[in-house]
Asks: 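Handing you this structure, nothing more for now.
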Amino acid sequence: MDLKKIYQKLRERKTKKSNRPSTPSSDLESSIFPDNDHAESRIKPEEVSEDYRGILEKIKLRNSILYESIKELNEYQQKAIFTNNKKTLVSAMVGSGKTTVLVHKVLYLHFIKNIPLNKMAVLTFTNKAANEIKERIMTFYMQSNDSCAPDFSLFGTFHSVARNILANNHHLTKLGYTSNFTIMDENEKKEFYLRIADELYLNIKYRNKIDKRIERYIDNLSRAENKRVLYGNMKNEDDLKKLVEIGYERKKQNNVMDFDDLINNANLVLSYPENSFHPKWIVVDEFQDCNLMQIEMIMNMANDSTLIFAVGDPNQLIYTWRGSDLSIFYDFKLNECKEHHLPINYRSTSNILDVAKFLISYDTKELHGTRELGAPVSLINHYDSNQEARYLANSIKILNKEGVPFREIAILFRTKKQSQIFETVFEREGIPFEVTTRQTLQNIPSLHWLTQLLKACLNKQDLNSIYDAICNENYGIIEPSNVLLKKYKASVDKSDVRTELEKLIEWLSTNTNSGNDFLNFTTKMLQLEDWLENKTYAEIPNIFNYFELSTNLRPTSINYSKDVELVKKFLEEVSIYVQLNYDTDIKSSFLAAISEMSLGGHQIIGKTIDPNSEKVKLLTMHSAKGLEFRYVFISGANNGLIPLRYANMTAEQIEEEKRLFFVAMTRAKDYLEISYHTEPEGWNSYPEPSIYLDEIPKDLLKSKQVEKFIEEDIKSDNKTIDKVGQWYMGQFVKHPKYGTGTISKISKTNIVCDFEKFGEKSFAINFLPILPVEIV
DNA sequence: TTAGGGTAAGTTTTT
DNA sequence: CTTACCCTAA
């Protein structure tokens, strides 16, 4: 159930509150705390505080619904919820119900300890996690008698909460920003820097790698000057340093922030001595993933009377490349912190846990299973990934016939590339599947354009959004060109104090052939803020008509109906966000909603992955984190792939790959199968099983070698052959442009010719522009 | 300006 | 191993 539906139900109930039945409906009850079906446990925490029973009794009197829910939890979970320590770290083992504990902690603090929800900051890393927490709390609100909608203003991702802190902080101007700043995502950031480089004729090498270079530059600020700037084959420094410095100033001029700026700037305003923003409680999810900036944000939000409750699992730390580090986790733990454990895993069979245990690096003794022995874990040796894909297609068909739904089956691998062969084979074999692809706003051009348009209207200094809104190749009113911005910037009068929006519109109207449509559209842009003035959330979808999107979305385009649908859904979503998170006025609430979309909220609209769809899931190990499946197949556990081999690997990175393998294994509920290949295709993978498999005792794994399929190999399309049709190796041929040459390579789909003057050229076999040459 | 030699980098992707 | 692209030599 999504937030919108819950909210609608909540509203419905509000209106007919008087004759509402006192018992909650059963469908709600079962959906509220899904992790709790195996609550009873033989394992007990060593010490149980004296007033422990008392607390439960107290809850029973205060809120019987919460009591019913909490009494189902195990004692470790209850202890973590009842703790009132200033700093608490809950080390949660994999599959031990940490989100359940987190949600109950919030409910306990609110309903029993009377902490208002808006005095609690609940910080997560993903929108998905934030939404799940909000949904569960909403559902609880619906069950209990509370009639008002909960205030989630400090619930959200670090970035989203940071944005809201900044937008509402009086000291923001000290940083050179105003409260209507907009957010640029990673792609927009790259464009932002490249445009500066273009405009100022900066010498920038490896332009396509500019994002990586800037990141590396900032990470290496402590290193020697030229070490930070050089990349690849560069011998001399380029203007990277200058670019970063100008970028820093330009972001302020344009009133835009990138993702990192949100956290960094929030830290700056929070650490001002006059800052008075301090939540009563700070609750952190996936604490092990925090980097230093995020820890700093937690600490800056806290004051002497703030209590911190963090939940995390060091064994699932797989994002150190985003700046998190085990030392952060342990430093926090050592510093006057009460530690709790959640050692009981409800997810996997004992066989699976027994194997996974050998890969655990921290708190080894603390993982306890609750389930039956189950099927043994298999280690299977395939010839290569193609053979494996055929084998799995077969196995999955059999499983499905036996009644296992496709959605309960997942195939996990280390790199995205590995999914291709499964897609090809499953497609051919008619097995329904879905691949998790990274969704960015750029993947949905109409929504990307719309966000840029709305950003441009609300932040009239955001030159990049303004330009992209007006000069978009699909939906813009003016044809984009890579010199327009440069020319505009060069000719603009520095003493002109008007906004960039006004200036660029005027400039474009005189320097391009713009017609009435342009005038009409840009006037609408300038006036959107005024239009919004006296509107309510319910009128936000009217923006569709305001901008005449039925014509501006290009009705002749093949994407038109889809675009209209997406845009309407987007505006609807914005409307709901404004309704749920209304703060001071419609304008700032609207901007908050648009910012939320920049922070990945669009995934709600554009998402193609439905966890409940009847499809086999093909996932990278990273994207499988947090998910679970009855049947899990880990593909390609070869050395070099797990751990993935690349230059200068550190011991820490080898450890992280191990944790990743652990995460992959523990996704399985009932059945786990691990494979490696005799002849792996990647340049970096060796024909031997992963080193991590050596750490697992042989008798815990059921080893098997799969016979090679003798059917025609699917990759034979690319294999070289000697002859096809009239063509043979070494044959003399003639090409109208390249002249004469000889055939140097033949495959089922292509012929490669080596021309005397032009070297090797490849041609598709169905469209050969060459002729045979008769040798006399 | 162009051709060809030389060499680092390559993965994962919460926002 | 392949790719991208810097760098240098004409």
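Sequence lines set the chain letters: A, B, ... in the order given, protein chains first and strands last, and positions in each chain run from 1. Just so you know, these numbers use all the heavy atoms, side chains as well, and skip hydrogens, waters and symmetry mates.
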Asks: Mark this stacking check for A/Tyr319 against B/dT13 as yes or no, applying ring centres under 5.5 Å and ring planes under 30°.
Replies: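 Stack criterion not met.
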Asks: Rounded to whole Å, how long is the line connecting atom CZ of A/Phe259 with atom P of B/dT13?
Replies: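 Taking atom P of B/dT13 as the reference, CZ of A/Phe259 is at 16 Å.
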Asks: What is the nucleic acid contact for A/Leu599, judged by heavy atoms within less than 4.0 Å: base, sugar-phosphate only, or nothing?
Replies: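 Here A/Leu599 touches the backbone only, sparing every base.
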Asks: Find the distance A/Glu186:CD to B/dT13:C1' and express it as a whole number of Å.
Replies: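 Atom CD in A/Glu186 sits about 10 Å away from atom C1' in B/dT13.
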Asks: Side chain of A/Tyr646 only, heavy atoms from C-beta on: which candidate in B/dT15, B/dT11, B/dT13 is closest?
Replies: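 Ranking B/dT15, B/dT11, B/dT13 by closest atom to the A/Tyr646 side chain puts B/dT11 first.
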Asks: Could you check whether A/Asn127 gets within reach of a base, just the sugar-phosphate, or nothing at all, counting any heavy atom under 4.0 Å?
Replies: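 Sugar-phosphate only.
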Asks: Using atom CD of A/Gln603 as one end and atom C1' of B/dT15 as the other, report the distance to the nearest whole Å.
Replies: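 To the nearest whole Å, that distance equals 9 Å.
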Asks: Taking all atoms of both residues into account, what is the closest heavy-atom pair of A/Gln288 and A/Gly312, and its distance?
Replies: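 Taking every non-hydrogen atom into account, OE1-CA, 3.2 Å.
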Asks: When you check every protein heavy atom under 4.0 Å of nucleotides 1-10 of chain C, what one-letter string (B, S, -) results, 5' to 3'?
Replies: B---BSS---
Asks: Using a strict cut-off of less than 4.0 Å between a Lys/Arg side-chain nitrogen and an Asp/Glu carboxylate oxygen, indicate whether A/Arg207 and A/Asp238 qualify as a salt bridge.
Replies: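 Judged by the 4.0 Å cut-off on N to carboxylate O distance, A/Arg207 and A/Asp238 do not form a salt bridge.
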Asks: Whole angstrom is fine here: how far is it from CD in A/Gln653 over to C1' in B/dT12?
Replies: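 Going from A/Gln653 (CD) to B/dT12 (C1'), I get 11 Å.
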Asks: Quick check on DNA chain B: between A/Ser623 and A/Lys212, whose nearest nucleotide comes earlier from the 5' end?
Replies: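 By nearest-heavy-atom nucleotide position, the 5'-most residue is A/Lys212.
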Asks: Between A/Lys98 and A/Asp313, is there a side-chain N and carboxylate O pair less than 4.0 Å apart?
Replies: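 Salt bridge: no.
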Asks: Can we say A/Lys625 and A/Asp289 salt-bridge, meaning some charged N sits less than 4.0 Å from an Asp/Glu carboxylate O?
Replies: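 Yes, charged N to carboxylate O under 4.0 Å.
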Asks: Can a donor-acceptor pair under 3.5 Å be found between the side-chain atoms of A/Arg322 and the base atoms of B/dT14?
Replies: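 Side chain to base: no pair below 3.5 Å.
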Asks: Could you tell me whether A/Ser160 contacts a base, only the sugar-phosphate backbone, or nothing, with contacts defined as non-hydrogen atoms closer than 4.0 Å?
Replies: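 Nothing, no heavy atom under 4.0 Å.
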Asks: Between A/Thr124 and B/dT14, is there a side-chain N or O to OP1/OP2 distance below 4.0 Å?
Replies: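 For B/dT14, neither OP1 nor OP2 has a side-chain N or O of A/Thr124 closer than 4.0 Å.
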Asks: Toward the 5' end of DNA chain B, which comes first, A/Asp289 or A/Arg414, by nearest nucleotide?
Replies: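 That would be A/Arg414.
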Asks: Roughly how many Å is it from NZ in A/Lys417 to P in B/dT13, rounded to a whole number?
Replies: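 Atom NZ in A/Lys417 sits about 14 Å away from atom P in B/dT13.
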Asks: On the six-membered ring of A/Phe155, is A/Lys134 placed so that its NZ or CZ lies under 6.0 angstrom from the centre and within 45° of the ring axis?
Replies: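 Here A/Lys134 fails the 6.0 Å and 45° test against A/Phe155.
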Asks: Sticking with atom P, work out how far C/dC5 lies from B/dT11, rounded to a whole angstrom.
Replies: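 14 Å, rounded to whole Å.
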Asks: Between P on B/dT13 and CG on A/Leu644, what's the gap in Å once rounded to a whole number?
Replies: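 Rounding to the nearest Å, CG of A/Leu644 and P of B/dT13 are 12 Å apart.
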Asks: Aromatic rings A/Tyr330 and A/Tyr362: how do their planes relate, parallel, tilted or perpendicular, breaks at 30° and 60°?
Replies: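 Ring orientation of A/Tyr330 relative to A/Tyr362: tilted.
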Asks: Let me know the distance between CE of A/Met257 and C1' of B/dT15, rounded to the nearest Å.
Replies: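 Result: 15 Å.
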Asks: Look at atom OH of A/Tyr686 and say whether more than 12 heavy atoms of other residues, nucleotides or ligands are closer to it than 6.0 Å.
Replies: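 Result for OH/A/Tyr686: open.
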Asks: Regarding A/Arg163, tell me which of base, sugar-phosphate or nothing describes its non-hydrogen contacts under 4.0 Å with the strands shown.
Replies: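 It contacts nothing in the nucleic acid.
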Asks: Mind calculating the distance between CD (A/Glu215) and C1' (B/dA9) to the nearest angstrom?
Replies: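 In whole Å, B/dA9 C1' lies 15 Å from A/Glu215 CD.
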Asks: Of all heavy-atom pairs between A/Met257 and A/Asn265, which one has the smallest distance, and what is that distance?
Replies: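 Of all heavy-atom pairs spanning A/Met257 and A/Asn265, the closest is SD-ND2, 3.3 Å.
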